[in-house]
Number of protein chains: 2
Amino acid sequence: MTQERSKLWYLKNLDIFRYLGDEEYKLLDRYSNMREIKKGEMIYFQGSSDSNFYILKKGAVKITKLTPRGNEIILDILSVGTIFGEMTVLEPRERDESAIVIEDGLICIMNRDEFNRFSKMVPGLSGKMTSMIELKRWNRENKILDLLYCTVEQRLAKAFINLLDDFGIPHDNGHLLQIRLTHKDYADLIASTRETVTATLNKFKADGLIDFENKYIMIKSLDKIRGMAE
Amino acid sequence: MTQERSKLWYLKNLDIFRYLGDEEYKLLDRYSNMREIKKGEMIYFQGSSDSNFYILKKGAVKITKLTPRGNEIILDILSVGTIFGEMTVLEPRERDESAIVIEDGLICIMNRDEFNRFSKMVPGLSGKMTSMIELKRWNRENKILDLLYCTVEQRLAKAFINLLDDFGIPHDNGHLLQIRLTHKDYADLIASTRETVTATLNKFKADGLIDFENKYIMIKSLDKIRGMAE
DNA sequence: GATATAATGTAGGCTTGCTTACATACATCG
DNA sequence: CGATGTATGTAAGCAAGCCTACATTATATC
């Protein structure tokens with residue numbers, strides 16, 4: 001029962017569902033399922049025909065894409081409350097990206113049929129969904145474009161700024177990044193290599209921009225990081 | 001009158017408008033305007049609040065984006081029949097890209113109000129529009145991702161393959177690229193520099209992959225170009 | 001607690017392709 | 001038809017960062 005309540009709580013806090021009435025929340029609740037997710041698990045993967053859509057309720061998930069040449073790029077790191085996998089709900093097609101759990105948590109699942117049934121009862125929902133997809137694609141396009149013309153230092157600084165939005169916690173001595181990514185993850189996030197990321201992170205530390213506090217990164221000077229990202 | 005007929009002809013050949021009846025074509029015709037475009041002219045530019053949508057009827061247009069650092073990237077080279085500028089029709093916002101004419105021609109213009117009036121009379125049109133926007137964004141995302149992990153040679157080869165779709169004309173000795181881009185244009189298309197493009201094009205020529213036939217590029221071996229792009 | 005696996009640290013060599021600089025060819029317009 | 005702007009050709013120097021290789025340190029699993 002407390003789990004049920006928490007599920008509703010999470011759903012209510014999503015912009016896209018904000019205008020729903022109590023009756024509709026009960027419907028949404030009825031049509032969706034909840035599941036635990038474990039670090040390393042793939043929720044869906046590139047090439048599959050999975051057409052569910054998901055809401056991340058607890059934990060963290062990365063959205064990755066494997067290029068033909070074998071490079072893995074991380075398109076997004078999702079934080080709690082994020083809807084994902086929605087691209088195939090309105091228009092079914094093969095997944096062109098994978099969703100991989102990077103921190104244990106919980107997801108809420110709704111399959112396409114359930115969504116369509118639900119959608120019919122809530123006029124305007126699919127329109128909002130479309131706008132959300134548009135916005136996400138636009139964000140993603142700009143993020144990738146940034147990678148084209150910046151040095152590794154600048155890209156890493158930008159990555160920090162992006163991550164702070166979702167995982168940053170203000171602190172006396174800066175902002176704590178409340179998520180643990182490996183150097184390989186950072187590399188995939190900025191289209192660089194593990195070794196270069198290690199070196200750059202250590203340079204940032206030496207320069208007093210960041211600090212390592214028991215496996216989390218502390219952004220000591222957000223201003224300097226911002227300046228670095230231009 | 002012949003011009004009017006030609007306008008209708010072009011509109012009828014667009015997928016998105018294919019299912020319209022004669023009555024609706026007359027409406028579309030009434031609500032839209034035609035204009036000549038000259039090489040170098042900007043149809044709309046980044047940052048403006050222009051919310052028309054356009055159809056290219058003759059000539060060629062490039063869609064470019066200027067990064068904060070001053071790099072110009074060409075996101076797309078449009079060929080005849082292409083709808084463009086439609087991103088702001090459904091959801092008005094600032095242009096985040098510019099449309100620049102690279103070959104004299106003609107465009108068909110419809111402003112947002114006119115489109116909305118028209119759209120109300122043709123159920124399903126805005127849905128098709130949405131799908132088209134989705135598809136374009138997806139294409140664009142993949143194109144940019146390709147730029148991240150490939151060498152200049154590979155990127156240039158890929159650019160040729162893309163351009164052939166829209167501007168390629170089969171020939172005895174290969175495929176003629178029926179569009180004239182400057183080396184700077186190619187550079188902006190693949191996120192490289194003018195000098196490097198010049199050198200790479202000449203290398204391609206020396207290797208027998210392409211040829212320069214009175215200012216147009218002839219792809220002599222599409223297979224080799226394909227192999228190069230992997 | 002022992003072992004295996006994953007993550008991080010460090011460094012040298014090497015390559016791509018960007019920069020800078022200048023020369024030549026071509027086009028456009030009065 | 002000359003003049004000016006635009007496009008192309010060429011080359012040397014240089015730097016970012018990738019690749020390879022290996023050492024060390026965490027973390028997970030039993």
Side-chain angles (χ1 to χ4, degrees), chain A residues 38-41 62 67 69-74 100-104 146-159 179-207 210-217 228 230, chain B residues 38-41 62 67 69-74 100-104 146-159 179-207 210-217 228 230:
Chain A
K38 285 277 171 204
K39 186 175 173 180
E41 179 188 338
K62 62 179 175 183
T67 70
R69 234 165 297 271
N71 303 291
E72 194 178 351
I73 180 148
I74 297 181
I100 302 171
V101 181
I102 50 180
E103 232 173 55
D104 292 0
D146 269 340
L147 298 180
L148 278 179
Y149 297 106
C150 299
T151 64
V152 165
E153 287 194 7
Q154 292 168 328
R155 282 180 264 161
L156 197 52
K158 276 176 196 282
I179 184 158
R180 277 193 68 185
L181 299 178
T182 66
H183 293 187
K184 173 73 164 62
D185 284 333
Y186 278 109
D188 293 344
L189 202 52
I190 66 172
S192 177
T193 59
R194 205 269 309 160
E195 297 83 348
T196 306
V197 165
T198 302
T200 310
L201 283 175
N202 287 328
K203 184 178 179 295
F204 279 8
K205 187 186 175 185
D207 292 351
I210 64 172
D211 229 329
F212 306 144
E213 303 207 346
N214 49 269
K215 298 299 153 190
Y216 286 93
I217 287 175
M228 175 141 269
E230 204 125 324
Chain B
K38 285 275 169 206
K39 187 176 172 178
E41 178 189 337
K62 63 179 175 183
T67 69
R69 235 165 295 271
N71 303 292
E72 193 177 351
I73 182 151
I74 297 182
I100 301 171
V101 182
I102 51 179
E103 231 173 56
D104 293 0
D146 269 340
L147 298 180
L148 278 180
Y149 297 105
C150 299
T151 64
V152 165
E153 287 193 6
Q154 293 169 328
R155 281 180 265 162
L156 196 52
K158 276 176 196 280
I179 184 156
R180 276 192 68 185
L181 299 178
T182 67
H183 294 186
K184 174 73 165 61
D185 283 333
Y186 279 110
D188 293 345
L189 202 52
I190 65 171
S192 176
T193 59
R194 204 271 309 159
E195 295 83 350
T196 306
V197 164
T198 302
T200 309
L201 283 175
N202 287 327
K203 183 177 179 295
F204 278 8
K205 187 184 174 186
D207 292 352
I210 64 172
D211 229 331
F212 306 144
E213 303 207 349
N214 52 269
K215 294 303 155 192
Y216 287 91
I217 287 176
M228 175 141 268
E230 206 124 325

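Both backbone and side-chain heavy atoms feed into the values below; hydrogens, waters and symmetry mates do not. Sequence lines set the chain letters: A, B, ... in the order given, protein chains first and strands last, and positions in each chain run from 1.
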Spacing of Asn214(B) atom CG relative to dT8(D) atom C1', expressed in whole Å: 17 Å
How far does the helix from dG1(C)-dC30(D) to dG30(C)-dC1(D) bend, going by the axes of its first and last five pairs, to the nearest 10°? 50°
Distance from Thr182(A) atom OG1 to Lys184(A) atom NZ, nearest 0.5 Å? 7.5 Å
Which residues satisfy the side-chain contact (heavy atoms from CB on, under 4.5 Å) test with Phe212(B), sequence neighbours excluded? Leu201(B), Asn202(B), Lys205(B), Ile210(B), Ile217(B)
Quickly work out the Ile102(A) CD1 to dA6(C) P distance and round it to whole Å. 18 Å
Does the side chain of Leu189(B) come within less than 4.5 Å of Val197(B)'s, by heavy atoms? no
Would you say Ile179(A) and Leu181(A) make side-chain contact, with heavy atoms under 4.5 Å? yes
Check the phosphate of dT8(D) against Asn202(B), side-chain N and O only, distance under 4.0 Å to OP1 or OP2. Yes or no? no
Does the side chain of His183(B) get closer than 4.0 angstrom to OP1 or OP2 of dT6(D) through an N or O atom? no
In whole Å, I'd like the distance from the CD1 atom of Ile210(B) to the P atom of dT8(D). 12 Å
Separation of Ile217(B) atom CD1 from dA7(D) atom C1', in whole Å? 13 Å
One character per nucleotide, please: for nucleotides 17-30 of chain C, 5' to 3', B when the base has a protein heavy atom closer than 4.0 Å, S when only the sugar-phosphate does, - otherwise. SSSBB---------
Are the side chains of Tyr149(B) and Ile73(A) in contact, using a 4.5 Å heavy-atom criterion? yes
Nearest-Å distance for atom pair NZ/C1', residues Lys184(B) and dG5(D): 16 Å
Atom-pair distance (OH on Tyr149(A); P on dG17(D)), nearest Å: 16 Å
From Asp188(B) atom CG to Arg194(B) atom CZ, the distance as rounded to the nearest 0.5 Å: 12.0 Å
Which residue in the set Ile100(A), Asp185(A), Ile102(A) passes side chain to side chain contact (heavy atoms under 4.5 Å, CB included) when paired with Ile74(A)? Asp185(A)
Report yes if the side chains of Phe204(A) and Glu153(A) come closer than 4.5 Å at any heavy-atom pair, otherwise no. yes
To the nearest 0.5 Å, how far apart are CD in Glu230(A) and OG1 in Thr151(A)? 9.5 Å
Which whole-number value in Å describes the distance from Tyr186(A) OH to dA7(C) C1'? 14 Å
To the nearest Å, give me how far apart CG (Leu156(A)) and P (dG17(D)) are. 11 Å
